[in-house]
Structure formats: structure tokens, C-alpha cells
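What follows is a short report on a single structure.
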Number of protein chains: 2
Amino acid sequence: MSAEGRRLGRPRANEVDVPAADRIIRTAARLFLEQGYDAVTTETVASCSGVTKAMVYYYYGSKTNLFTAAIEWMMDISRARTQEILMSGGRLRDRLHTIAVTRLRIAAPLDVDAILRGTRSTLTEEQLARIHQAEERMVSVIADAFAEAARAGELRAVDPLLAARVFLALLMVGKMEQKQGRLPEERVEAWCTEVMDLFWCGVSADPAAIAPQGVAPAPSVRAAAPPVDHTHPPHPKGEE
Amino acid sequence: MSAEGRRLGRPRANEVDVPAADRIIRTAARLFLEQGYDAVTTETVASCSGVTKAMVYYYYGSKTNLFTAAIEWMMDISRARTQEILMSGGRLRDRLHTIAVTRLRIAAPLDVDAILRGTRSTLTEEQLARIHQAEERMVSVIADAFAEAARAGELRAVDPLLAARVFLALLMVGKMEQKQGRLPEERVEAWCTEVMDLFWCGVSADPAAIAPQGVAPAPSVRAAAPPVDHTHPPHPKGEE
DNA sequence: GTCTATAGAATGATAGAC
DNA sequence: GTCTATCATTCTATAGAC
């Protein structure tokens, strides 16, 4: 398997459409985001890129480094695209709608927490930091746009950083809907409209509800005991 | 290692505080949610539960089955707790606030998509379905409360299912903030208030903004090329 | 002729299954 | 506690660019 049909040695310059290093990082980003760090083997990345494992190591040195580079690369692309849309004119609300539709149409989910699940013990501190910084750059461009819109009076005085994270979380809801087959391509536009409306106006029936809340009185909360038997069917449960 | 200090043979009934099967599933749920499926070994689950690997296989048969049972168990507990709060009286907004604070204080993140990352090829169809059903039960109890509040006039006529998913997504934002050290325990209450306010009232500065939007005109969008070199430092990048 | 980009095979460790 | 498959990583060889 791996790279069948390829000749040995360095290829002629006019024979390479996309350089190997690029093909590898694109493939890696897609696979890691789809399946997570552990589920993706270097062999898979290699064969899906049309090269051998040795090439992956030649260019990226280790699996952890490939992972870090791929995630960082993807986030930077996504941030650049988002920034471009934000810098175009018009109402913020419309620009956010465009971002939402764009991200749901083409972009992969970029939930750092989910991405890093299971890698925390494997990645070095420096690699973790690089990914977190890439994420912060992404959130910041949105937060900056929110802060500016608040100054311009288009937004309430909400915490821009919080609003940016909430906005991104909404997009992840859409990604999940797509993955589970509840949101076909042709309804993306409508879905974004509905969610942006929720984000922009909230759920309240009272238009004058915009007032800071005191702390709600907490009802009594107790954990309910689970009555279900979750053990493996063929095996008996020990009685006491 | 594994279960040091334990004697061989079946323990006397008065010597077991929590039955082994329970300890195993609790430990497994915590570890799987924290670290993901692949990163957790059956050996780890066993030793953290104070039993041997053989016990894990005795009660749960396989790693995939243990995983399914653990996630399902955790979701059912979380759903039961949520349901209890929702059934208590008062304004929906206050009950949601209570749920938010409770989930951020004690519960693990329950993002099915993140949980299942990397397991899709390992789990059977039936196991996947069981987890998805457990999640739907969870979303449904919230959606039902939203539908009822809409009938009672406390909510706008938003899609209850969508609103429920958005609400849960906001809680995941909080979980992420906690994990990255940006949300210490003492600020949880205040954070929930702020986010619930966002959820309830939206971000708009215009209180009369609650009107369906037409589709926004899309500004031109082009991908920006990433100028950064993401390859492994020791290796040179081929120039064209 | 030397260096670069590539393939193929070997090694060593881990972890699930039973 | 043992068996075995998988996977990250390394080593070596080679064809062609420069």
C-alpha cells in the first residue's frame, strides 16, 4: 500500500501539483479534526496524502508535532477568513451571518477542548501553548469586532470576549447538527438565520427584559439514583 | 499494582461500601469524559477503581461496552438531575440559572460529538445508537420545558429543540473556561448570570430588534493563503 | 557529485483480549 | 498473566535535482 505507482527519488519539479509537505498537513488537519488524535495513525495520514510514513517524519519529525502544526495551520486559515469577512462593511449582524454560513458550509469544527481531548499527556507544554494561542487569535478577531460594534451602539455593553465565545459555540451546535444528519446543506442558510436571531435577540418574550438579574433562589437539588443496570448482559450482577 | 491490600476471594457483604461494578462504571465515566476513549486504558480504569482488569471484563465484557455503559449512565444521571430542577416551580429563567450553576459546579461536559470522537469505527451501531438516544433524552427534557414556557408566554416562539441545544452549548463554553483556568469556582455564579442574560436577551442594543431578518447580502469571501511555515524546524522546506 | 525527496523495511513498546 | 496486533519511530537504500 502507501504510495503505489510513485517512482523512487526526488520528483521532477513540474510533476508536483501540490508539494508533499502541504498535502500532508492538509490531510492531517482534516483527519485529526474528524477523528481525533489517537484514532488517526501516521500511516493513515501518509497513505491519504499519497506518501509514505517516512515522508511524514521527514517533514514533521513526530506525530505530536504534525498534530500541532496541522491544528495551528487550520486555525490560522479560519481566522484569516473570518477577519476578512469582519473587515467588509455593513451591519455586524449581517457580517456574523455571513461568517456563520461560511463556517457551516466549508470549515471544520474548531473546538479546542474537543480537539485536545486525550492529547494533554502527549503534547509538550509548548505545543499546547501554540494551539491555545492560535485559538485566542481566532476568538480575538471576533471579540474586537464586538467591542467596536458596542462603541458604535449596535451592541449592548456585553463582555466582547464572552460574546465571541458564545457565538463560536453556536456554530459548533450547527456543526453537530450537520454531523448527525439533522441539518442538510439546503437548510444551512435558514438555520443560521434562526440561530443568529436567537443570538441577537435572546429567547425572552418580554422586549423590555434587558435588565441585570439578581441571583435566582435555588430550588432543592438532589441527585436521583440511576435505576438502570448498565452491566454487560451475559454477566450476572453480584447480589448483596 | 492494581488492587493492593485486597484479599483474594469474594469479599463479605458488610465489607463492601460500594459494589465493584458501581465503582468501575463511575471511575470509567470520569476518566472517559476527562481524557477520551483511546487515552484511557482498561488497566487505568481497573487500578483507579481498586480492582483488577479481570473484574472490568467480568462485569462489562469489553472496553467498548464499558464505554457505552459509562456514558449512558452519566447522561442519565445528568438528565434526572436536570429534570428535577425543571419540575420545581418558579420562572423558567431562574430554573435555567440553577441548572447552569449546578452543571458547572459538579457535572462533566457532555458534548456527545467530542465524546464520540475517535470511537466511531470501534463502537457498534447499537452502542452508538444507545449513546445518541441518551443524549436525546437529555435534550428533550429541556426542550419540553421550553415548549411549555412558550405556551405560558414566558418565551418567544423559538424552536424549543434548537433553544435547548443552544442552552447546552453555552454550558459547554463555561466548562471550557473552567478547564482553561479562566473561570474560578467563586465566579461561576456571576458567569452564569451573565451568560443567562445573553441567552435570554441577546446581544442587540435595540430592544425592538425582535423581527425576522431577511438574508444578508454576502460580502465577497476568499481564503487567505497562510504565509506561515508549519514544518518541523530541523528539516528544510523545498522551494519551488 | 552531492544533496534532497522519496520508498521500504525493521524495531520496540503499548495495550486490548481472554 | 500471556498472547498478539497495532502503531510510533528509526534505519537504509535509491532516483533524480542542482
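The sequence lines fix the lettering, A, B, ..., with proteins before strands; numbering per chain opens at 1. Because the structure is predicted, anything quoted here is derived from the model rather than measured.
- When only modelled atom types and interatomic distance are considered, B/R26 and B/S49 share no side-chain donor-acceptor pair under 3.5 Å.
- Of the N and O atoms on the side chains of A/R79 and A/S140, not one donor lies less than 3.5 Å from an acceptor on the other residue.
- Candidate nucleotides D/dA8, C/dG16, C/dA5 were compared by shortest atom distance to the side chain of A/K63, and D/dA8 ranks first.
- B/T42 has a side-chain polar atom (N or O) that falls below the 4.0 Å cut-off from OP1 or OP2 of C/dG16.
- The side chain of A/S62 has D/dT9 as its nearest neighbour among D/dA8, D/dT2, D/dT9.
- Of the candidate nucleotides C/dG16, C/dA10, C/dA7, C/dG16 has the atom nearest to the side chain of B/K53.
- Here C/dC18 presents its P atom at 13 Å from CG of B/N65, a figure rounded to the nearest Å.
- Rounded to an integer number of Å, the gap from A/D38 CG to C/dA13 P is 20 Å.
- The side-chain heavy atoms of B/Y60 and B/I25, taken from C-beta on, include a pair separated by under 4.5 Å.
- A/V56 comes within 4.0 angstrom of no nucleic acid atom, judged by non-hydrogen atoms across all strands.
- The CG atom of A/L66 sits 10 Å away from the P atom of D/dT9 (whole-angstrom rounding).
- The shortest distance between the side-chain N/O atoms of A/Y58 and the OP1/OP2 oxygens of C/dA5 is below 4.0 Å.
- In this view, A/R187 satisfies the salt bridge (Lys or Arg N to Asp or Glu O under 4.0 Å) rule with no residue, not counting sequence neighbours.
- With D/dC11, C/dC18, D/dA8 as the candidates, the nucleotide lying closest to the side chain of B/Y57 is C/dC18.
- Which of D/dG1, C/dA5, C/dG8 sits closest to the side chain of A/Y59 comes down to C/dA5.
- Each of C/dA7, C/dG16, D/dT9 was ranked by its minimum atom distance to the side chain of A/A54; first place goes to C/dA7.
- Between the side chains of B/T119 and B/T122, no donor-acceptor pair is found at a separation under 3.5 Å.
- As a whole-Å value, the separation of A/R23 CZ from C/dT6 C1' is 11 Å.
- Rounded to whole Å, atom P of D/dT2 lies 14 Å from atom CD of B/E43.
- Computed from coordinates, the A/M55 CE to C/dA5 C1' distance equals 6 Å when rounded to whole Å.
- Residue contacts for A/V45: at a heavy-atom cut-off of 4.0 Å it reaches no nucleic acid atom on any strand shown.
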